[in-house]
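To keep things clear, I will list the structure first and then write my remarks on it.
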There are 2 protein chains.
Amino acid sequence: MTRETAAAPTSPTSTHRAAPEHVHPRDVPLETALAALSDSVRLTLVRELAASEDWERTCGSFDVPVRKAALSHHFAVLRSAGLIEQRDQGAKRINRLRKQEFDEHFPGLLDLVLRQR
Amino acid sequence: MTRETAAAPTSPTSTHRAAPEHVHPRDVPLETALAALSDSVRLTLVRELAASEDWERTCGSFDVPVRKAALSHHFAVLRSAGLIEQRDQGAKRINRLRKQEFDEHFPGLLDLVLRQR
DNA sequence: CTACGTGTTCGCCTCACGTCGAACATCTTT
DNA sequence: AAAGATGTTCGACGTGAGGCGAACACGTAG
C-alpha cells in the first residue's frame, strides 16, 4: 500500500526499511515529555529543528557534541515523547518537529522551551 | 537580628537550625526545572502544594509512597529548581510553592503541570 | 531530664541514562 | 560490483538518580 500509481519518483520513501515506531503526544505522560526536554543535547535538537524551514532536518545535520550512536538514541527518546516524527528518504532519515500535535497536548511547553535563553 | 521586640511568641521561627539553601528561579537552568518536574513523586508534591491554602504544607503531610529520606531528597531537588521555599517553624519545616517567582521565569510551565491529568 | 516527633545526612544498593566503538543494514555513488 | 554515506543496534562502561535503614540533630511534650 501507499503505492505510487504513476512513475513519479518524487520521494524515494524507502522500501525494505524498519519504519520507526511513533508515539502520539496524546499517549505521552507528562513526566516523559518533561524528561525528554530536560537534556541539553535534545533541547538543542528540538531548537534547531524548530528553527528550520518546515521543522525538518536529517539526523546528521545537527550541531551536537555526540557521536552517531548517542544521537540515534536521543532521537528515539524524542520520538517516544511524541516530539518528533521520522520519515525515511533514501539513506537519510528526516526529522520533523510535531509542533501542532505536541502543542495541543502540552500547550505552552514547546514555546517555553524555544523561547527560553 | 529579626528579634521580636515585645513578648509575642507568634512564630517560633527556630534558632540553631541550618537554614535550607534556596535558589531563585532566575538562576535555574531550564533543564533543571524540567528535570525537577519530570518525576512523579515530585509532581505529586508540587500539585498537593498548589492545592493547599497559601501553597503551604509541612514535609510530612504529603501522600507519597516514599520514606523520609527519599522525601527529604525530593524537597532538596525542588528547592534547587526554585520551585519551593522552606521555612522552619519549630520542629516542622514548612514548604511553600514559589508560584509567582517561578511563573515569571518559566511562564506556563507550572500551570501546565497543575492542569495536566 | 527524658521521651517523642520531625527532618536531614550518611552509607549502600540498584537501576536507568548518556556515551562510545564496532558491527550491521540500507541506500547512493562510482 | 565495490566503495561510501547514513543511521541503528549491540555490548560495555561510568555516572548519577532514587530508594532504604540507621544514626544524628533539633524542637516539643511529659
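A note on names: the letters A, B, ... follow the listed sequences, proteins ahead of strands, and every chain is numbered from 1. Computed over heavy atoms, backbone and side chain alike; hydrogens, waters and symmetry mates excluded.
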Subject >> Pair B:E101 + B:R96, salt bridge at N-O below 4.0 Å >> reply: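 A salt bridge is present here (some side-chain N lies under 4.0 Å from a carboxylate O).
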
**OP:** Answer yes when B:R26 and B:E104 have at least one side-chain N-carboxylate O distance shorter than 4.0 Å, and no when they do not.
**Re:**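 Salt bridge between B:R26 and B:E104, a charged N being under 4.0 Å from a carboxylate O: no.
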
Original post:
Atom CG of A:L71 and atom CG of A:L45: how far apart are they, to the nearest 0.5 Å?
Top reply: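 Atom-to-atom, A:L71:CG and A:L45:CG are 6.0 Å apart.
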
Subject >> Interatomic distance, B:L78 atom CG to B:L97 atom CG [nearest 0.5 angstrom] >> reply: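 The distance works out to 9.0 Å.
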
Between [N] atom [atom2] and [X] atom [atom1], what is the distance in whole Å?
X	N	atom1	atom2	answer
B:E31	C:dC17	CD	P	17 Å
A:L43	C:dG18	CG	P	13 Å
B:D88	D:dT28	CG	P	10 Å

**OP:** Determine which pairs satisfy side chain to side chain donor-acceptor pair (under 3.5 Å) with at least one residue from residues 33-51 of chain B, sequence neighbours left out, and list them in order.
**Re:**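 Sorted pair list: B:R42-B:H74, B:E48-B:R57.
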
Original post:
What string of B, S and - do you get for nucleotides 4-19 of chain D, 5' to 3', if B is base contact, S is sugar-phosphate-only contact and - is no contact with any protein heavy atom under 4.0 Å?
Top reply: --SBBB--------SS

